[in-house]
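Numbers restart at 1 for each chain; the letters A, B, ... are given by sequence-line order, proteins then strands.
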Amino acid sequence: MQSRDDLSDDLAAHFRARVAAEPELKAYPLPRRTLAVIAAWLVPGAGHLVLGKVGRAALFFIAIVGAFTLGLALHGRLFWPAADSPDALSHFDLISVLWFFSQIGAGLCYLVPYVAGWGTNPQPWASTYEYGNTFMFLAGLLNYLVVHDAFDIGAGRKR
Amino acid sequence: MHVLMMTLYAAIAATVLATVDPRTDTTPERLRHGLKMFGAFLGIGLLLSWILFPIPW
């Protein structure tokens with residue numbers, strides 16, 4: 001029968017072998033990291049592509065661009081910080097600032113339709129209007145997480 | 001329509017959240033985590049709708 005000390009020696013050896021077999025986490029060079037973060041914001045998944053994570057890049061692109069496009073197709077609206085009434089506490093209508101912040105997270109998914117004029121005319125009478133908005137908020141907010149993920153991989157904190 | 005939208009929403013959110021979660025390291029782990037999250041989103045959504053249904057406002 002093995003003693004307790006023998007067992008802990010075995011476990012330590014097993015653990016050491018496992019750690020040695022795994023490639024070490026390494027930080028990417030600063031220019032590549034910076035490019036990855038900017039690309040990740042502009043085009044969902046592009047940051048991971050810059051870092052060589054092709055599968056994850058494709059997954060993020062399909063999920064986030066798909067969600068934003070679905071939102072637009074469902075008559076969702078692109079928000080822009082609206083000016084509030086002069087006697088209000090803030091210069092901007094705060095809820096529109098929050099909606100704008102969540103949508104702009106999707107980068108070019110927001111900017112291209114905004115410049116093209118798609119989704120800039122609110123259609124609240126459409127039965128799918130709120131669904132559309134919700135999918136666009138989801139896309140933008142998820143892309144913020146994806147940008148952080150690209151940053152973590154670039155900094156060598158994650159595989 | 002509403003359940004379809006909720007399912008799509010849950011699928012997209014679970015896919016991305018499971019992939020960026022730092023606690024998962026391999027594809028099978030991410031897949032399991034994503035499926036659990038998807039089930040939780042749907043289950044909690046249905047449970048909440050069932051609880052809120054009798055409320056008239």
Side-chain angles (χ1 to χ4, degrees), chain A residues 18-19 22-23 25 40 44-45 47-48 51 53-71 73-76 102 105-106 126-153 155-159, chain B:
Chain A
R18 192 176 156 192
V19 168
E22 286 185 1
L25 289 170
H48 287 74
L51 298 171
K53 312 283 180 194
V54 181
R56 269 181 263 178
L59 191 71
F60 291 143
F61 183 82
I62 292 168
I64 293 172
V65 176
F68 205 93
T69 309
L70 180 67
L74 292 173
H75 306 291
S102 58
S127 61
T128 55
Y129 173 72
E130 291 297 346
Y131 292 125
N133 288 338
T134 307
F135 273 101
M136 290 199 284
F137 301 146
L138 172 75
L141 293 173
L142 285 178
N143 201 39
Y144 283 120
L145 291 178
V146 171
V147 172
H148 275 91
D149 193 58
F151 177 81
D152 276 349
I153 295 171
R157 294 180 193 156
K158 197 184 165 199
R159 264 174 242 290
Chain B
M1 179 73 167
H2 198 79
V3 174
L4 173 69
M5 291 294 133
M6 188 177 77
T7 309
L8 263 174
Y9 189 99
I12 294 168
T15 303
V16 176
L17 291 176
T19 312
V20 299
D21 195 325
R23 289 169 299 176
T24 58
D25 229 12
T26 62
T27 305
E29 275 176 3
R30 288 190 187 113
L31 195 63
R32 267 196 302 274
H33 192 45
L35 285 173
K36 271 188 215 165
M37 216 183 302
F38 176 67
F41 278 142
L42 278 192
I44 292 169
L46 290 174
L47 183 73
L48 278 178
S49 62
W50 182 73
I51 291 170
L52 295 174
F53 183 72
I55 299 176
W57 35 263

Check: Arg157(A) main-chain N/O paired with Asp152(A) side-chain donor or acceptor under 3.5 Å: no
[X] portion near chain B, given a 4.5 angstrom heavy-atom threshold:
{"X": "Leu70(A)", "value": "side chain"}
{"X": "Leu145(A)", "value": "both"}
{"X": "Leu74(A)", "value": "side chain"}

Flag side-chain contact, heavy atom, 4.5 Å: Met5(B) against Thr128(A): no
Side-chain heavy atoms of Phe41(B) within contact of Leu17(B), under 4.5 Å: yes
Closest non-hydrogen atom pair, Ala40(A) against Ala150(A): CB-CB, 4.1 Å
Most chain A-contacting option - heavy-atom pairs closer than 4.5 Å, from Val20(B), Thr15(B), Ile12(B): Val20(B)
